[in-house]
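This report concerns only the one structure given below.
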Amino acid sequence: MKKLFLYCAIAVSLMAYFSLTLFVMPPNFLEKPKLTPQPTLDVTLDKSKINLGQSFEIKITSKNIGDLADIQIVSIQFPNLAEIGNTVKITEYDFTQSPYYVLVGDEVGAEYTAGQKIVTAKYPSIEAFSRPINTGDQYHIGLQVTPESVGEFVIYVKSVILPHYTDLAHYPQSGILDYQGEYVKAYSVEVSNP
Amino acid sequence: MGKTISFTSKQHSWLFFTSSILVSFGVLIVTIGGSWDITNHLLNRPETFFSPPHAILYIGVAIALASTVIKFFSWKNFQNDIKSQHAKQVKLTILGIAILVGAGPFDFFWHSNFGLDGLLSPPHLFLISGMILCSTASMTSIVRHSNKKLSTNSYTPFHFLIIIGLLAVLLSTSGLFYSFSLPFSDTEHFNFNPDPMFAIAFTTIAFPFLFASILYLSSSFVNGKFGIASLVGTLFLIINASTSIAQNSFLIPTLGFYFLGVIPIIIFDAMLSNSKRKLQYIAGAIPGICFYFFYFPLITHTYNEVFSHQIVWPSMTALIYFEMLESVFPLVVVPAALAGILGTIFASKISQKLRLI
């Protein structure tokens with residue numbers, strides 16, 4: 001009698017366990033996380049005009065003003081350059097991960113797909129990133145740029161938060177599209193002969 | 001004089017037992033550090049060898065090393081008949097700790113020359129092999145040393161201390177199985193990732209076999225006394241939840257789901273305590289089938305390689321796991337149940353061998 005009761009209890013418990021784990025609880029987790037992370041960027045250039053041989057500085061502060069997310073990338077692109085070389089130096093950096101240098105010809109992700117669509121880099125860039133990224137987290141990168149030719153020195157800046165659920169997860173949300181099919185904000189400095 | 005010798009012998013015996021427990025405890029700390037390290041890599045991508053999980057891991061190695069030294073010297077002072085009874089375990093522990101300690105500088109050398117390594121790499125394989133050798137040898141020492149005390153009808157401290165030995169074996173062997181199944185070993189210089197089909201076949205067989213074996217041993221070592229297998233299984237869930245789930249804030253809502261796993265563990269323990277041997281073997285199917293729940297969240301990455309092909313972001317892990325549940329579970333339920341049954345039969349043979357000697 002005692003054993004019969006035990007086996008009945010075992011059968012009921014197992015049925016309850018498998019019902020809960022296979023049918024009752026999973027639907028609660030089968031929705032994409034309703035998270036809306038939102039990056040913002042504050043970009044300042046210390047000069048708008050320089051003479052050839054002089055340097056200027058860019059300071060970028062990134063912030064997540066939305067929900068927490070897995071990763072925030074700040075990409076600083078140099079469409080005038082074929083290689084970064086000694087033209088750009090990092091002077092300040094507090095992102096959680098080391099900066100990554102994208103070279104011309106490297107394979108990079110496109111259209112906010114985190115690598116599921118791939119394109120080839122057409123110009124060099126520096127990617128700064130932190131992971132995970134909580135609400136209100138702020139990170140900084142400072143660059144010293146010494147252009148090697150006269151003319152307009154252009155810099156594209158953007159930030160993307162991954163995974164990319166909504167249009168709010170990238171900054172800027174409109175404007176120029178780069179070769180990755182992602183929006184960038186353009187900044188420039190006029191370089192003249194001394 | 002005679003009294004002094006008797007006292008010293010007891011002291012050595014106590015030291016031998018305590019040091020065996022501490023070797024297992026050290027390995028257990030290593031496995032906790034290792035599991036935390038995997039999660040840390042998934043969440044933060046640490047870029048330096050000097051990380052908190054590595055510190056925990058090497059504290060565990062230090063505990064295991066110091067305990068092995070004590071174990072060796074206490075064993076040396078045993079009388080010859082007892083000495084020969086424990087000789088194999090002591091030698092295996094020394095071999096295991098040598099490999100474990102050697103893995104540290106090897107790992108540092110690997111990091112220095114090839115950057116961050118993946119889960120499966122030569123130094124990590126060394127580390128895990130050393131852990132398995134140490135934990136298995138120590139568990140054997142513990143069981144043989146306290147065989148009579150474990151057979152008593154009432155609970156003694158030995159019943160609870162043996163849990164440390166069993167957990168160390170369970171977690172270190174799980175670590176080895178993860179190495180051969182998780183796709184975390186593709187690095188800049190080497191790609192040691194397992195073939196995805198091999199990985200899911202291996203996971204489906206190896207983890208149920210292991211979990212059922214250890215739970216069966218937990219019960220068998222204490223003469224089928226209810227409670228110890230439940231404690232071993234529950235502590236495994238607590239350790240996995242602490243190192244793999246709670247560290248990832250996106251997975252915290254799944255903790256309730258995860259801890260439901262205590263139910264089949266207790267049921268299996270109750271069946272081992274109240275059934276005849278053949279039914280005990282069949283009951284091995286229960287922990288076998290439940291491996292998909294016990295090894296959440298890491299096995300998501302293994303099955304994703306074949307069933308989902310998504311990027312398993314920390315924030316997406318639960319979604320991908322539950323999306324795959326309805327396609328994976330029906331496929332793995334039969335082989336996992338069979339592996340669980342085989343695990344209990346295997347453990348029964350091991351237990352008989354260990355307790356008879």
Side-chain angles (χ1 to χ4, degrees), chain A residues 2-37 67-73 93 95-100 109 112-117 129-135 161-165 169, chain B residues 40-48 115 226 247-251 253-254 256-271 273-276 279 283 285-286 289-290 292-294 296-297 309-326 329-330 333:
Chain A
K2 192 185 161 193
K3 285 222 163 164
L4 183 67
F5 175 76
L6 177 75
Y7 290 136
C8 286
I10 285 171
V12 170
S13 306
L14 277 178
M15 277 167 60
Y17 174 72
F18 285 113
S19 303
L20 284 168
T21 50
L22 291 172
F23 306 111
V24 177
M25 297 185 94
N28 300 326
F29 302 104
L30 280 172
E31 285 175 19
K32 280 198 174 182
K34 287 172 183 153
L35 299 173
T36 48
D67 295 321
L68 79 165
D70 291 287
I71 180 167
Q72 179 174 9
I73 303 168
Y93 192 88
F95 285 76
T96 62
Q97 309 294 134
S98 297
Y100 181 75
Y112 307 114
T113 58
Q116 290 188 318
K117 280 189 183 173
F129 57 108
S130 289
R131 58 184 303 173
I133 181 93
N134 296 308
T135 303
I161 286 186
L162 298 171
H164 189 269
Y165 300 125
Chain B
N40 202 33
H41 277 263
L42 289 173
L43 293 172
N44 307 314
R45 302 242 167 187
E47 295 169 339
T48 167
F226 177 80
Q247 301 291 325
N248 177 354
S249 52
F250 297 102
L251 290 182
T254 64
F257 159 83
Y258 185 69
F259 279 114
L260 282 176
V262 171
I263 296 171
I265 288 169
I266 292 173
I267 289 172
F268 183 51
D269 194 3
M271 289 185 78
S273 310
N274 291 283
S275 313
K276 289 182 180 164
L279 194 59
I286 297 170
I289 291 169
C290 296
Y292 189 77
F293 307 112
F294 297 153
F296 171 78
H309 304 287
Q310 297 184 56
I311 298 171
V312 189
W313 294 104
S315 63
M316 298 286 281
T317 309
L319 174 70
I320 295 170
Y321 174 85
F322 287 105
E323 273 178 353
M324 291 190 301
L325 184 62
E326 63 178 31
F329 195 76
V333 69

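So that the names make sense, note that chain A is the first sequence line, chain B the second, and so on, each numbered from 1.
Atom NZ of B/K276 has 12 or fewer heavy atoms from other residues, nucleotides or ligands within 6.0 Å.
Using cut-offs of 30° and 60° for the angle between ring planes, the B/F257 and B/F293 rings count as perpendicular.
Using a 4.5 Å heavy-atom cutoff, the side chains of B/F250 and B/T317 are not in contact. Looking at heavy atoms from C-beta onward, B/L260 lies in side-chain contact with A/Y17 at the 4.5 angstrom threshold.
For the side chain to side chain donor-acceptor pair (under 3.5 Å) test, residues two or more places apart in sequence or in another chain that qualify with B/Q310 are B/S308, B/E323.
Residue B/I320: no heavy atom, backbone or side chain, is found under 4.5 Å from chain A. The contact between B/S275 and chain A is made by backbone and side chain atoms together, counting heavy-atom distances below 4.5 Å. Residue contact with chain A, scored on non-hydrogen atoms closer than 4.5 Å, involves the side chain of B/L279 exclusively. Only the side chain of A/I71 comes within contact range of chain B, with heavy atoms under 4.5 Å apart. With a 4.5 angstrom heavy-atom cutoff, B/I311 touches chain A via backbone and side-chain atoms both. For A/L6, the part sitting under 4.5 Å from any heavy atom of chain B is the side chain, from C-beta outward, and nothing else. For chain A, the nearby part of B/F329 is the side chain; its heavy atoms alone come within less than 4.5 Å. Using a 4.5 Å cut-off between heavy atoms, A/A9 does not touch chain B at all.
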For residues 263-270 of chain B, which side-chain donor-acceptor pairs fall under 3.5 Å, sequence neighbours excluded?
residue	atom	partner	partner atom	Å
B/D269	OD2	B/G227	N	2.8
B/D269	OD2	B/S230	N	3.0
B/D269	OD2	B/S230	OG	2.6

